[in-house]
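Written below as structure tokens is the structure these notes are about.
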Amino acid sequence: FIHQPWRMPKAMQNRCGVLIGQDYPAPLVDFAHAARHARAQVADCYRSEQARAESQRVYAALGSRDKKRRRQPRPAAKAARRDSHQQLDLF
């Protein structure tokens, strides 16, 4: 309870002589509720028509599914992989 004293049961608070909200301030924010609310707001933003339009604009400017543009493995990388397999064959 040292990091979240407001979760301490009332009986333990009485034993310790500290009452949350009286001797120690109660939390100002319910973090679980605030996180749910923030995630819902972000999800609403992603679903908006403006976000979809921006996503399509960025994809049109920067995205590509052109197979010719895909990165080809370097020949040295292939050779290194082949060499490592040959070394494994030694064992």
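If you read the sequence from its start, that first residue is 1, and numbering goes on from there.
Across Pro9 and Phe1, no two heavy atoms sit closer than the pair CD-CZ, 3.7 Å. Of all the heavy atoms in Asp23 and Gly17, the pair that sits closest is OD2-O, 3.5 Å. Of all heavy-atom pairs between Ala51 and Cys45, the closest is CB-O, 3.1 Å.
The cluster map of Ile, Leu, Val, Met, Phe, Trp and Tyr, joined by side-chain heavy atoms under 4.5 Å apart, puts Leu28 and Phe31 in the same cluster.
Considering only heavy atoms from C-beta on, Ile20 stays 4.5 Å or farther from Met8 through its side chain.
Crowding of Gln4 atom CD: a count of heavy atoms from other residues, nucleotides or ligands under 6.0 Å exceeding 12.
The structure places NE2 of His33 at 6.5 Å from NE2 of His37, a figure rounded to the nearest 0.5 Å. Atoms CG and CZ, from Asp44 and Arg39 in turn, are 13.0 Å apart once rounded to the nearest 0.5 Å.
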